[in-house]
Number of protein chains: 2
Amino acid sequence: MSKRPKTANNTGMTGRKRATSYDVAKAAGVSQSAVSRVFQDGASASKAMRDRVVAAANKLGYRPNAIARGLITQRSNMVAVVISKLTNLYYPEVLEQLTQRFSEQGIRVLLFALEHEGDADKVVDQMLQYRVDGILTAAMFTPGQMKTIDNAHIPVVFYNRTLKNHQVCSVRCDQEEGERWLVDELVRAGHRTFGIIEGPADSVVASERKMGALNELANMGITDITIVSGEYGYETGRECFSRLMARRGSAPDAVIAASDAMAIGCIDEAREGYALKVPDDISIVGFDGVGPARFAAYDVTTIRQPVKRMAQSAASMLIERIENPDLSPEKRAFSGTLIRGSSARLRSADE
Amino acid sequence: MSKRPKTANNTGMTGRKRATSYDVAKAAGVSQSAVSRVFQDGASASKAMRDRVVAAANKLGYRPNAIARGLITQRSNMVAVVISKLTNLYYPEVLEQLTQRFSEQGIRVLLFALEHEGDADKVVDQMLQYRVDGILTAAMFTPGQMKTIDNAHIPVVFYNRTLKNHQVCSVRCDQEEGERWLVDELVRAGHRTFGIIEGPADSVVASERKMGALNELANMGITDITIVSGEYGYETGRECFSRLMARRGSAPDAVIAASDAMAIGCIDEAREGYALKVPDDISIVGFDGVGPARFAAYDVTTIRQPVKRMAQSAASMLIERIENPDLSPEKRAFSGTLIRGSSARLRSADE
DNA sequence: TCCCCGTTTGCATTCGAATGCAATACTGCC
DNA sequence: GGCAGTATTGCATTCGAATGCAAACGGGGA
């Protein structure tokens, strides 16, 4: 026979331990199940019961224990959000949108920030230990990691990434399309020689962007192309630009940078290091459409990702999968929009 | 007598449910307690036992259930991190540092992003439901909210904020000192008329900065001061600057903006809207020392907060309080460092 | 060989809420 | 008043791991 001694709050005021549903039940003179039901949505409870319980609960400062609830319901109501390099100018907006969407749905966000995209191993372990209901990741997982996650039947949505040889959910901005668009516009406006500032090697997004640009340049018959590579970020942008100049000897007509931050770095280096006028002497374009790209001193021509819609979409895609685990994988691709800043000479939209 | 039927994984391979310590115990032919102990740090277990259990666990893909563990140990190993306005250029760095410190200590971060500093009510409720071990907040709590949290005996550390009439832990950068420093330097360099661009009314930090600047200006006998107020952020910075100009009729010698983003806005507006040369015609200073403040086109003179040390300090302060709840409240204040950018005419450091 | 003491191990209970089932309370209706 | 039918309520069990206690084990010394 299981007895429940339940020392509980002697005084009901200064108790060192937090009130449980049993304490509330005792205080209200009802059963624990009743308390439980009052604090659920669809459960049946008379108004009288509800009032008594709520009154007792308030007096005791009772709050249902989400941990205990999670144990019995097999639902933690938490999702893991994995992000690499938070200081990247782009991610904060994504993260903000995601947490907002999730919390609207009563879902909490367990945040995992990776220093590099590769550090996911320990993180995967943690996510599984905490029995998150789903995973939304803006970092890559290895096939081994995916297998682990699949075995645990946890739905995953990739943000701006996807996994070859593995059917997964993803929401992304079409990077290649965006780069094609930029290239088309640049070529149409007469640019013939190009520099490409490539992003970090471990970033899928970076390589998609590079390939998008290169393919389209090839299509257009452009052959004078110089590629230099670095990390995302302002400082590397500057450094890459000077490497580019060193490599070529003279400035190309246009530079395609892998991110806005790098584009801004290029602009500064072009102006300060090489006395080039942007866009008169050289056009520089970026990607993302982050806030600082709109600073007047740069006004970067770029592809703006529809972050809000993407995040919204990713969140609901994940929530759907949590509610119905048998939904088949789905990939959604969004198109970016071209922002005609003054960092590049383009023909106006209606020409 | 409590029996444990434990249907568990029939096959051990394709089981729909995740393996538990009982499954591992059965597979290894040992007791559940043994499994539990193998997966703990200080617990006693022979090497033979350890090997058998680990082998079985690996075969079954077992991972301890952190939820169940939290229930029995009364420790969730999660802390709540509350941040308002993630898209503020300043917070991502803080958040990154915090998550890093916490995860080094085996603590997970439950993220709560507020749209406005006032939205904390629901958030407090959630934090308590999830039984977080501690709270680190970069948003204000009302006295009522603090009372709720105190009753639950959850340690709280405020980041760049503090609560009057309430002894709390906090880590902050001395905003007033920083502003005094800026003012001193500006006055010493001959600036006599000032504009102050104030931050949002609901931000404690903003008002500390304003008061710091005003007090020191008064000390120095400066009386020609115009104050305009807005939100943090680039766009408001621009807009505030033109309001400032409209209000005064002519440009002040110097503008003190409540944040770097606003300072950058002011610089752009001064240049574009009023053809002013920065810093020749007007000096503009900011606060924070965020990344974009170092972009060459702005090179903002500002106070850089030692974010890394502050975050580190805040995290360990919270961890200490979690481990020893009886530690008395403590406030730590860090000094910022002056960054002599080219957005303001200052006398050089050694003059 | 026997005994003592320190390790390992297992047993049984515990954490706090949810829930299937059975018991009870209400409702309306004849 | 009596009865069927529904809405509430309570009982007992469950989720998965941790842990105090006692039993079993192992090694060393006499």
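In what follows, every chain begins at residue 1, and chains take the letters A, B, ... in the order their sequences are listed.
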Is a donor on one side and an acceptor on the other found under 3.5 Å between the side chain of [X] and the backbone of [Y]?
X	Y	answer
B:T148	B:G144	yes
A:N77	A:I107	no
B:R161	B:A138	yes
B:E96	A:L86	yes
B:D133	B:S76	yes
A:R101	A:A315	no

**Request:** Heavy atoms under 4.0 Å is the rule here; annotate nucleotides 5-10 of chain C 5' to 3' with B where the base is hit, S where only the sugar-phosphate is, and - elsewhere.
**Result:** ---SBB
Please list every donor-acceptor pair under 3.5 Å in which a side-chain atom of residues 60-71 of chain B meets a protein atom from a residue at least two apart or in another chain.
| unit_1 | atom_1 | unit_2 | atom_2 | d |
| --- | --- | --- | --- | --- |
| B:R63 | NE | A:D125 | OD1 | 2.6 |
| B:R63 | NH2 | A:D125 | OD1 | 3.4 |
| B:N65 | OD1 | B:I67 | N | 2.7 |
| B:N65 | OD1 | B:A68 | N | 3.1 |

**Prompt:** Applying salt bridge (Lys or Arg N to Asp or Glu O under 4.0 Å), which residue pairs with at least one partner in residues 308-322 of chain A are found, sequence neighbours left out?
**Reply:** A:R321-A:E330
Whole Å only: how far is the [atom1] atom of [X] from the [atom2] atom of [N]?
X	N	atom1	atom2	result
B:Y130	C:dG16	OH	P	17 Å
A:F39	C:dG16	CZ	C1'	13 Å
A:K26	C:dG16	NZ	P	13 Å
B:L128	C:dG16	CG	P	15 Å
B:Y22	C:dC11	OH	C1'	10 Å
A:R52	D:dT8	CZ	P	16 Å

[X] side chain near [N] phosphate (N/O to OP1/OP2, under 4.0 Å):
X	N	result
B:Q40	D:dA17	no
A:Q74	D:dG16	yes
A:S36	C:dA17	no

**Asked** In residues 62-72 of chain B, which residues come under 4.0 Å of DNA chain C by heavy atom?
**Response** B:L71, B:I72
**Request:** Return the angle between end axes of the helix from C:dT1-D:dA30 to C:dC30-D:dG1, with five pairs used per end and rounding to 10°.
**Result:** 40°
**Request:** Apply salt bridge (Lys or Arg N to Asp or Glu O under 4.0 Å) to A:D51 and list each qualifying residue two or more places apart in sequence or on a separate chain.
**Result:** A:K47
**Rounded distance [0.5 Å steps], CG in A:L110 versus OG1 in B:T99** = 11.5 Å
**Message:** Just checking A:K331: does its NZ atom have more than 12 heavy atoms from other residues, nucleotides or ligands closer to it than 6.0 angstrom?
**Reply:** yes
